Each structure stands twice: as C-alpha cells, then as structure tokens.
2 protein chains.
Amino acid sequence: MKTLLENIAKHVSLTTEEQELVLTLVQTEHYKAKTILLKEGQICTHSFFILKGILRSYTVDQNGVEHVVSFACPGWWIADMYSYLSQRPGQLFIETNEEAEVMLLSKENQEKLYLQVPKLERFFRILIENSLVANQQRLIDNMSFTTEARYDKFSKKYPELVNCLPQKQIASYIGVTPEFFSKMKARLLKK
Amino acid sequence: MKTLLENIAKHVSLTTEEQELVLTLVQTEHYKAKTILLKEGQICTHSFFILKGILRSYTVDQNGVEHVVSFACPGWWIADMYSYLSQRPGQLFIETNEEAEVMLLSKENQEKLYLQVPKLERFFRILIENSLVANQQRLIDNMSFTTEARYDKFSKKYPELVNCLPQKQIASYIGVTPEFFSKMKARLLKK
DNA sequence: ATCATTTCTTAATCCAGATTAAGTGCTTCT
DNA sequence: AGAAGCACTTAATCTGGATTAAGAAATGAT
C-alpha cells in the first residue's frame, strides 16, 4: 500500500529493471521513538520516505520555541528542502515521534536516478508541485483564517493525525501556544 | 537581461531550434496599470513571465480583506499554481500594479514543451523547487519572527520593491494591517 | 509499583496588533 | 481648478492570543 514503488507508480510507470535500479539506490532504516534524523546546522544529505511511524520537521527560534513545519506519515516524503537542494546547512530538525521505518535516498543517488531514469524527473517534479501548492495554501490559511478555523481544517485534512500527535505539536503547527490551544479546545467542547 | 530565453539559459542550455520552439509557444501581452489578469474562481490557464512592471497575486477573505501572496518583478514567473496545475478554479487574483509587459505560456503549450524538449522538465522543476524553498522560508519567518523582523527581512531581500510598492501591499505581505504598519514604521524612524 | 519527566489544563495578567474613526495629503478624472 | 477617490497617518479603544505560574494527568524509566 505505502511502499516506495507504489508511490512512484501513482505518477509514472517504470519497467521492472528501472524499479530494481531504484531499490538499489535507496536504503531502509529503522529508528526508535524520538530519534533525531537531522539537526539544525547540518546538511540534509538524504530525503526520507516513510514506511512506518510519523516524523516531523521543525525549527527552533531565538527563544528556544519549536515551530512545526511539517508532519510525514507513511507514504510521504520529508526533508529539509532548502538544505537538501542546495547542500548547505539548514535550519530544520527532523525527528521521529514514535518508532519508525524509513527509506533514505541520498542526493547523489537522486541525481543518478535523474540521469538513468529521466521519467523520475517528472515524478519528483510532481511531488514538489504538490508540496508547493500545499505550502502556499497553508500560508494563505494562516493569513486569512482564525485559529479555530485552522484547527478545523487541520482535523479534516489529517483525521488520522489528530488523535495520534501530542497536541502541543498540533498547536505549534497551526501557530499557537499549547496553553491557548488547550483553552480553545475546551471552548469548542462547550458548543 | 530579463528575457525568457536568458531566464531559461540560467538553468538548462537549449539549441537554437529549441529556443525558437519555445518562442512560438508563448505570446507577449501589454497591460495597463491595475489590470486584473486572473480572478478568484477562474481557471489559471496561463503562467506569466514578467518582462516589465510588477504584478502581484492575492486572495480576498470572507471579510473582503486582501492578502498578498506574492509579488513578481521582471524576470520572475507568477501564476495561481494550484489552479494552473490542477486546471480547476482557484482563489487567487493576479493584477498589475503598473503598466506591464508579460509573456504568457499556456498549460497546453507547457505540456507540449515537456514532450518536445524534455530538458525543460528540469528547468521547471528547478523553478518550482526554488518557489517551494522560498515559500517554506516565509512560513517559518511568519511563525518565528516579529513583524519588525519580517519587515526588515523583506526590505533586505527585495530592496527594489520597498520603494515602489504601495505600503499597504507590503503590510499585507508581511501580515499586518496598514494602520499597524504605519505605526511600526514611525517607531522605527525614531531609532 | 514508585518516582520522575513530560503533557495537558486552568487561571490571572499582559501585550502586539486589530478595529474604529478622523484627519491629511496625494492622484486622477472631468 | 474643483471634486472625488486613494494612500497614508495618528490616536483611542478593544481583543486574540502570549506569558507566567501552578496544579493534574499521563507516560516512561528503574
């Protein structure tokens, strides 16, 4: 259901040999809960495809406050795109919430793939297009909706996440403090 | 300096024939100040490459308030990416600030280009990657910086824009009301 | 099972920024 | 040139959400 090849097959179709090539260029890793896969200041040398578990990326600001940039469930990719694309030190942390199984694709191997299987250029372009659209929508939502409406949208868009994330992470994602989030939820229940 | 072919040449190199093909697939248009090129609810059938002038994209929320999503100067592309990619009605307006000259590339012609000049798949992928990174950075900035710091960053990143945009548009871009923006600027001058 | 750490809640106080309202230049149109 | 509309400013008041602080509940480690 959520393997890498199935994910690719949604957008481009590969021959058996091409599929095998892909598999030789990725590695699978297993991580315990709360493992940090990438730290601020490091270069993001791999992008991660989630097989099991939930990962998140976040920044830490001058005051030490965390800001969740994204979550990734099985079947999703995650990386510090700035750092990954430019191969310069980035500002994101990437961390497992729970025990997780992840496929790693190095930047080098991705370049190899582009050369040997040009169709994958299309695959990754589509992935990036989708991220861009989602990101832009989030920006718009943050500017034009109330906190309550943003929470509502989040719950509807990611119903599987609402009940398995610590709610301080959801609070951070929608852009409020855990205290305020808690107050808001209590207010919602009264209705 | 800012023609379409020069823009493409920054990332991929085309043969003369390929360049000519590109030119046959775009059209150039001239617009007066305050012309609306795309309205909410319409399908974004073309993406726009700016030759002259400044365009901006924005949404209008339930209360009729405008939120600037992006600006585009000469040498930049602009479109409602959600609508353009999905060919469904979008929520963005795209409008010229001043008199402008713009090249239009239709979605159909873009698909033709992908087929006939696969190198362009790479070109557009890179453009989208850059947008994604910029967008993600803006999200992070909105979550972790004060209004003042965001304005400061904006001024440094787009020095050419600060002095030629109505400041209510800058206020909207960084996410505050024109009144507050005005107050903040007065406060900055005192220092 | 117990202790320790983290997460969540509640409540009081505070503040950045919104809202409302007026007033002051600018353009631009006729 | 005058009217009409925008863009910008200033100021008073209000509010969503932050901050601080404390306790309660859940989770995890030994």
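In what follows, chains are A, B, ... by sequence order, proteins preceding strands, each numbered from 1. Values reported hereafter were calculated over all heavy atoms of this structure, with side chains retained and with hydrogens, waters and symmetry mates removed. Bear in mind that the values here come from a model prediction, so they are computed numbers and not experimental data.
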Got a sec, which residues hit side-chain contact (heavy atoms from CB on, under 4.5 Å) with B:Lys183, two or more places apart in sequence or on another chain?
B:Phe180

What pairs with A:Lys107 under side-chain contact (heavy atoms from CB on, under 4.5 Å), at least two apart in sequence or on another chain?
A:Tyr84, A:Leu85, A:Gln87, A:Glu111

Hey, could you give me each pair passing salt bridge (charged side-chain N to carboxylate O under 4.0 Å, His left out) that has a residue in [range]? Not counting sequence neighbours.
range                       : answer
residues 59-69 of chain A   : A:Arg56-A:Glu66
residues 17-36 of chain A   : A:Glu18-A:Lys119
residues 153-174 of chain B : B:Asp141-B:Lys153, B:Asp152-B:Lys156

Could you tell me how far apart [X] ([atom1]) and [N] ([atom2]) are, to the nearest whole angstrom?
X        : N      : atom1 : atom2 : result
B:Glu98  : C:dT27 : CD    : P     : 15 Å
B:Lys32  : C:dT28 : NZ    : P     : 14 Å
B:Glu148 : C:dG17 : CD    : C1'   : 13 Å
B:Met184 : D:dT9  : CE    : P     : 11 Å
B:Asn142 : C:dA16 : CG    : C1'   : 15 Å

Scan for ring-ring contact (aromatic ring centres under 6.0 Å, His included) pairs involving residues 97-117 of chain B, sequence neighbours excluded, and state none if there are none.
B:Tyr114-B:Phe124

Quick test of your reading: applying ring-ring contact (aromatic ring centres under 6.0 Å, His included), list the pairs with at least one residue in residues 136-166 of chain B, sequence neighbours left out, ordered by first then second residue.
B:Tyr151-B:Phe181, B:Phe154-B:Tyr158, B:Phe154-B:Tyr173

Other members of the hydrophobic cluster containing A:Leu104, with the 4.5 Å side-chain heavy-atom rule, please.
A:Tyr31, A:Leu37, A:Leu38, A:Phe48, A:Ile50, A:Leu55, A:Ile78, A:Ile94, A:Val102

Whichever hydrophobic residues join A:Val65 through chains of side-chain contacts under 4.5 Å
none

Nucleotide nearest A:Thr177 (side chain, heavy atoms from C-beta), chosen from D:dG17, D:dT19, C:dT19:
D:dT19

Of C:dA18, C:dG17, D:dG17, the nucleotide closest to the side chain of A:Phe180 is D:dG17

A side-chain contact here means heavy atoms from C-beta on lying under 4.5 Å apart; do B:Leu105 and B:Phe49 qualify?
no

Quick check: do A:Leu5 and A:Val22 have side-chain heavy atoms less than 4.5 Å from each other?
yes

Between the first and last five pairs of the helix from C:dA1-D:dT30 to C:dT30-D:dA1, the angle of the axes, rounded to 10 degrees:
50°

Any residue of residues 55-71 of chain A with a heavy atom less than 4.0 Å from an atom of DNA chain C:
none

Give B:Thr146 one of three labels, base, sugar-phosphate or nothing, depending on what nucleic acid heavy atoms sit under 4.0 Å from its own.
nothing

Name the pairs: protein N/O against N/O of nucleotides 3-9 of chain C, kept only if under 3.5 Å.
| from | atom 1 | to | atom 2 | distance (Å) |
| --- | --- | --- | --- | --- |
| C:dT7 | OP2 | A:Lys168 | NZ | 2.9 |
| C:dC8 | OP1 | A:Gln167 | N | 2.9 |
| C:dC8 | OP2 | A:Gln167 | N | 3.3 |
| C:dC8 | OP2 | A:Lys168 | N | 3.1 |
| C:dT9 | OP2 | A:Gln167 | NE2 | 2.3 |
| C:dT9 | OP2 | A:Ser182 | OG | 3.0 |
| C:dT9 | O5' | A:Ser182 | OG | 3.2 |

